[in-house]
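Remarks on the structure that follows.
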Amino acid sequence: MEGALTARDKVGVQDFVLLDAYTSESAFLDNLRKRFSENLIYTYIGTLLVSVNPYQELGIYTVSQMELYQGVNFFELPPHVYAIADNAYRMMCSELNNHFILISGESGAGKTEASKKILQYFAVTCPMTESLQIARDRLLLSNPVLEAFGNAKTLRNDNSSRFGKYMDIQFDFKGIPVGGHIISYLIEKSRVVYQNQGERNFHIFYQLLEGGEEELLAYLGLERDPQLYKYLSQGHCAKESSINDKNDWKTVSNAFSVIDFTEDDLENLFGIIASVLHLGNICFEENQQGWASIPDTHEIKRIAKLLGVHPWVLLEALTHRKIEAKTEEVICPLTLELSAYARDAMAKAVYGRTFTWLVNKINSSLVNKDFTGKTVIGLLDIYGFEVFDKNGFEQFCINYCNEKLQQLLIERTLKAEQAEYEMEGIEWEPIQYFNNKIICDLVEERHKGIISILDEECIRPGPATDLSFLERLEEKVGKHAHFQTRKLAGPKGRKRIGWMEFRLFHYAGEVTYCTEGFLEKNNDLLYRHLKEVLCRSKNRILKECFRVAELENRRRPPTVGTQFKNSLSSLLEILISKEPSYIRCIKPNESKEPSKFDDFLIRHQVKYLGLMEHLRVRRAGFAYRRKYEHFLQRYKSLCPDTWPHWHGPPAEGVERLIKYIGYEPEEYKLGRTKIFIRFPRTLFATEDAFEF
Ligand code: ATP
Ligand code: MG
């Protein structure tokens with residue numbers, strides 16, 4: 001235990017379970033604030049780590065800090081992300097089982113930084129052989145590549161991950177990192193074609209323009225100025241002082257060479273990236289018949305060259321649509337609006353699939369077939385609960401994902417608590433908690449859940465709209481206790497719900513979703529005509545991304561919602577078989593400033609992260625538990641029987657010790673290997689006695 005307990009009035013307690021008023025949100029916040037003002041950004045809730053983004057370099061990630069945490073008992077040092085990493089690693093090595101570390105929190109809270117710190121910790125502290133250094137370097141360097149293609153500047157975070165990421169780090173039986181595997185979730189493709197004011201497209205576009213060699217840019221037909229590209233200029237902030245695209249380009253180029261990308265891979269890859277930019281600059285005009293045409297074919301020719309497709313076929317596919325009638329195909333011209341839609345859909349599809357290709361490519365370089373019987377530590381860096389003024393399909397998916405993860409956490413924490421009490425032979429009463437399975441079912445249940453209802457609307461013949469989807473919801477889940485619309489909320493509805501909106505009562509609070517765009521985003525349609533062009537592309541990467549077999553398969557591909565549901569279900573399967581650790585990240589303020597603790601904002605996150613609930617579960621039984629040896633070691637000086645040495649069994653030593661210092665029977669229980677203390681005050685009194 002750290003000496004911090006004696007100074008707890010000033011720096012708070014290092015573990016929230018030691019708070020007396022553990023059900024009080026204000027006490028929770030006070031503790032967090034005290035610690036934050038002392039630059040103590042980490043606090044535990046039992047074994048869960050709460051981290052507040054300091055927005056400044058604190059000098060706590062040095063190699064000597066890493067060494068400090070190596071192999072040390074979890075609670076003996078101040079809370080740290082290294083302690084979580086080290087604990088998972090030690091347990092994996094000693095018990096030869098698999099672990100995962102789930103990092104969650106809202107945008108800008110520090111998830112990605114935390115996951116990088118963990119990866120660095122393993123890279124520095126794990127044993128290593130010369131031949132495996134390359135595996136380690138690839139693991140480390142997969143980050144800048146994925147960040148270049150999957151991260152972007154948003155209003156909330158200059159380096160915001162626009163995809164969810166799960167990464168397995170594989171270790172051999174000696175604890176050497178030997179390989180890895182990455183799974184990505186739901187990349188935000190819409191960013192490729194549109195960015196809000198003050199936001200940017202994915203970093204890679206700017207890196208290429210700023211840092212790319214003259215020769216490369218000439219080959220790609222690109223100019224350096226991002227303002228020349230529609231897909232890069234809508235947010236009006238192509239240049240951002242905190243981002244050095246030129247340097248980042250060098251880092252990414254170096255990473256590409258370590259991760260085994262060939263010249264040919266890169267030529268194809270940047271051919272695609274450049275094509276996306278050229279696509280964005282295609283302008284349509286209305287011809288005399290009122291249909292879309294492309295008068296300037298410059299861009300078309302460039303794209304055709306880079307993607308290895310025929311320019312006139314591409315032009316036709318961007319301005320026409322193939323409709324399959326019973327016996328023949330009919331080609332219909334498109335309106336201006338639909339042509340623009342087709343162009344953007346093509347850019348999004350190409351980028352999205354290329355991102356998946358990139359992840360696969362990185363994975364193939366991280367595979368290490370020489371090692372069997374590996375154990376893994378998985379790192380999950382995934383979007384936290386999102387509530388904005390206007391919430392759409394993306395927030396719906398993200399919040400659904402958080403419901404599922406919350407379910408896992410509650411189940412696992414409760415189960416772990418229960419298992420520990422049972423193992424130690426301690427009586428306990430079941431803990432009351434809110435089981436959010438009911439909300440998960442509301443979203444995902446087959447035929448009945450919101451995703452199924454949405455899918456049905458998407459395939460229904462006839463004019464389905466976002467409004468008709470809402471009506472279907474009202475019809476089918478309108479009476480559900482966790483669902484509401486304006487029609488059903490009635491005049492007593494507390495907060496206003498708009499015509500196109502529905503509200504879900506999530507475990508973390510209520511969120512109102514606007515159904516506008518749900519159908520389109522769930523369908524994520526790419527006209528068949530364009531798909532044909534892409535399937536026939538000579539670009540090697542596109543060939544892998546768009547298989548001809550896809551054209552032959554007449555069945556509709558699964559919708560985005562269903563795909564996401566399936567990938568979440570596989571993720572949960574991956575996680576459920578592993579031992580969990582949790583890191584909950586908190587963003588202290590909206591202005592990215594150091595030392596600014598915005599009470600309102602943080603209170604909100606404490607709620608959405610389910611921290612009070614977690615603390616309640618953790619505290620329902622006993623606030624504190626320690627192995628007899630450790631307890632004795634710490635407090636033996638308080639009792640003449642145990643000082644300076646106790647030679648009998650530790651359990652007996654502890655019994656004598658607490659009898660001597662006068663613990664009341666209701667204050668503690670003795671388990672098989674541990675002492676359980678019910679109230680923090682008991683421990684504090686012992687700690688204070690020990691200080692004097
Ligand atoms: P998103 O969901 O948008 O991807 P995130 O939770 O991954 O957000 P990060 O990118 O990890 O957020 O953090 C945002 C920024 O905050 C970082 O770029 C860095 O400047 C700062 N930051 C985060 N964690 C730390 C830390 N431990 N120490 C110093 N600065 C930090
Ligand atoms: Mg991130």
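We count residues from 1, following the sequence as given. Atoms within each ligand, like the ligands themselves, are counted from 1 in listed order. This is a predicted model, so every value here is computed, not measured.
Residues Lys153 and Asp158 are paired through a salt bridge, judged by an N-O separation under 4.0 Å between the basic side chain and the carboxylate. No salt bridge links Glu38 with Arg35; every basic N to acidic carboxylate O contact stays at or beyond 4.0 Å. Ion pairing between a basic and an acidic side chain is recognised when a charged N comes within 4.0 Å of a carboxylate O; Glu199 and Arg191 show such pairing.
Listed by number with element, the atoms of ligand 1 under 4.0 Å from a non-hydrogen atom of Tyr55 are 16 (O). In the vicinity of Ser107, heavy-atom distances shorter than 4.0 Å reach the ligand 1 atoms 1 (P), 2 (O), 3 (O), 8 (O). Contact atoms of ligand 1 toward Ser161: 1 (P), 3 (O), 4 (O) (distance under 4.0 Å to a heavy atom of the residue). Ligand-side atoms of ligand 1 in range of Gly110: 5 (P), 6 (O), 9 (P), 11 (O), 12 (O), 13 (O), 23 (C), 24 (N), range being under 4.0 angstrom from any heavy atom. Counting the atoms of ligand 1 from 1 in the order shown, those under 4.0 Å from a heavy atom of Tyr61 are 26 (C), 27 (N). Those atoms of ligand 1 with a heavy atom of Pro54 less than 4.0 angstrom away are 25 (C), 26 (C), 27 (N), 28 (N), 29 (C). For ligand 1, the atoms sitting less than 4.0 Å from at least one non-hydrogen atom of Asn159 are 10 (O), numbered in the order shown with element in parentheses. With ligand atoms numbered from 1 in the order given, ligand 1 contributes 11 (O), 13 (O), 17 (C), 18 (O), 22 (N), 23 (C), 24 (N) to contacts under 4.0 Å with heavy atoms of Glu113.
Counting only heavy atoms, the protein gets under 4.0 Å from atom 16 (O) of ligand 1.
Checking side-chain atoms of Lys111 against main-chain N and O of Cys585 turns up no donor-acceptor pair under 3.5 Å. Using a distance-only test at 3.5 Å, with no hydrogens or angles considered, no donor-acceptor pair links the side chain of Asp245 to the main chain of Glu210. Looking at Asp248, its side chain never comes within 3.5 Å of a backbone N or O of Ile243 through a donor-acceptor pair.
The minimum heavy-atom distance between Phe36 and Pro54, with the atom names listed, is CE1-CA, 4.1 Å.
Between Phe393 and Tyr513 there is no side-chain heavy-atom pair separated by less than 4.5 Å. Taking the side chain as every heavy atom from C-beta outward, Met92 and Phe171 approach each other to under 4.5 Å. Side-chain contact between Ile187 and Phe149 is absent, with no heavy-atom pair separated by less than 4.5 Å.
Counting only heavy atoms of the protein, atom 7 (O) of ligand 1 lies nearest to Thr112 OG1, 2.8 Å. The protein heavy atom nearest to atom 29 (C) of ligand 1 is Gln56 O, 3.2 Å. Here the protein heavy atom with the shortest distance to atom 2 (O) of ligand 1 is Lys111 NZ, 2.7 Å.
Nearest residue to atom 1 (P) of ligand 1 from Asn151, Asn157, Ile382 is Asn157 (criterion: closest heavy atom). Relative to atom 25 (C) of ligand 1, the option among Ile41, Asp158, Asn53 with the closest non-hydrogen atom is Asn53.
Looking at ligand 1, you'll find an N or O of Gly108 within less than 3.5 Å of one of its N or O atoms. Not a single N or O atom of Glu57, backbone or side chain, sits closer than 3.5 Å to an N or O atom of ligand 1.
For Asn159 and Glu147, the side-chain atoms include at least one donor-acceptor pair closer than 3.5 Å. Between the side chains of Asn436 and Glu403, at least one donor-acceptor pair of N or O atoms lies under 3.5 Å.
Ligand 1 does not have Cys585 within reach: every non-hydrogen atom of the residue lies 4.0 Å or more from it.
Among the atoms of Ser161, an N, O or S atom falls under 2.8 Å from the Mg ion (ligand 2). The Mg ion (ligand 2) lies at 2.8 Å or more from every N, O or S atom belonging to Asn159.
Within the 4.0 Å heavy-atom criterion, the part of Glu106 lying near ligand 1 is the backbone and not the side chain.
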